[in-house]
Amino acid sequence: MSLKDGIQALLKAYRLQGKMNEVYVVSSWERIMGRAVALKTQEVYFRNGKLFVRLTSAPLKHELFMAKTRVAEIINAEVGEALVQEVVFL
């Protein structure tokens, strides 16, 4: 068994894969959404399958709110599973 397979089996056995994916999304926010969005982002966190994003720009917040379904699709495609059920912009 390779090290990668062993770690994946361990994460699956202890049901930690979901949390690892959440941490991955938060840490990769700039790469996923782009530098322009990341510069106007104050905070990103998960709670109960919802991704909360606190923004400092009202126009950007409105624009992303109109495309929040697409944002969730992009993030879920990056992770490879339906991790984000809803995106909430604060």
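The chain is numbered in sequence order, starting from 1. What you see below is based on every heavy atom in this structure, not just the backbone, and it leaves out hydrogens, waters and symmetry mates.
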| field | Closest contact, heavy atoms only, Y45 versus V26 | value | CA-CG2, 4.4 Å
| task | Quick one: closest heavy-atom pair of V44 and T41, and the distance? | result | CG2-CG2, 3.5 Å
| field | Test side-chain hydrogen bond (donor to acceptor under 3.5 Å, both in side chains) applied to Y24 and E78, step by step | value | CA-CA 10 Å; Y24 174 73; E78 178 72 25; 2.8 Å; yes
Cluster check [X], [Y]: I/L/V/M/F/W/Y, side chain < 4.5 angstrom:
X: L10; Y: I7; answer: yes
X: V23; Y: V25; answer: no
X: V71; Y: L39; answer: no

| request: Only pairs at least two apart or in different chains count here, so list each side chain to side chain donor-acceptor pair (under 3.5 Å) that has a residue in residues 2-16. | output: S2-D5
Name the atoms and distances for all side-chain donor-acceptor pairs under 3.5 Å in residues 46-60, with sequence neighbours left out.
residue: R54; atom: NE; partner: E43; partner atom: OE1; Å: 3.2
residue: T56; atom: OG1; partner: K40; partner atom: O; Å: 3.1
residue: S57; atom: OG; partner: L60; partner atom: N; Å: 3.4

| request: Output the rest of the hydrophobic cluster of M1: all Ile, Leu, Val, Met, Phe, Trp and Tyr residues reachable through side-chain heavy-atom contacts under 4.5 Å, sorted by chain and number. | output: none
| note | Across all chains, not counting sequence neighbours, the salt bridge (Lys or Arg N to Asp or Glu O under 4.0 Å) partners of E63 are none
| field | Contacts of K61 that satisfy salt bridge (Lys or Arg N to Asp or Glu O under 4.0 Å) - sequence neighbours left out | value | none
Would you mind writing out the side-chain donor-acceptor pairs for residues 79-90 within the sub-3.5 Å range, not counting sequence neighbours?
residue: E81; atom: OE1; partner: N21; partner atom: ND2; Å: 2.6

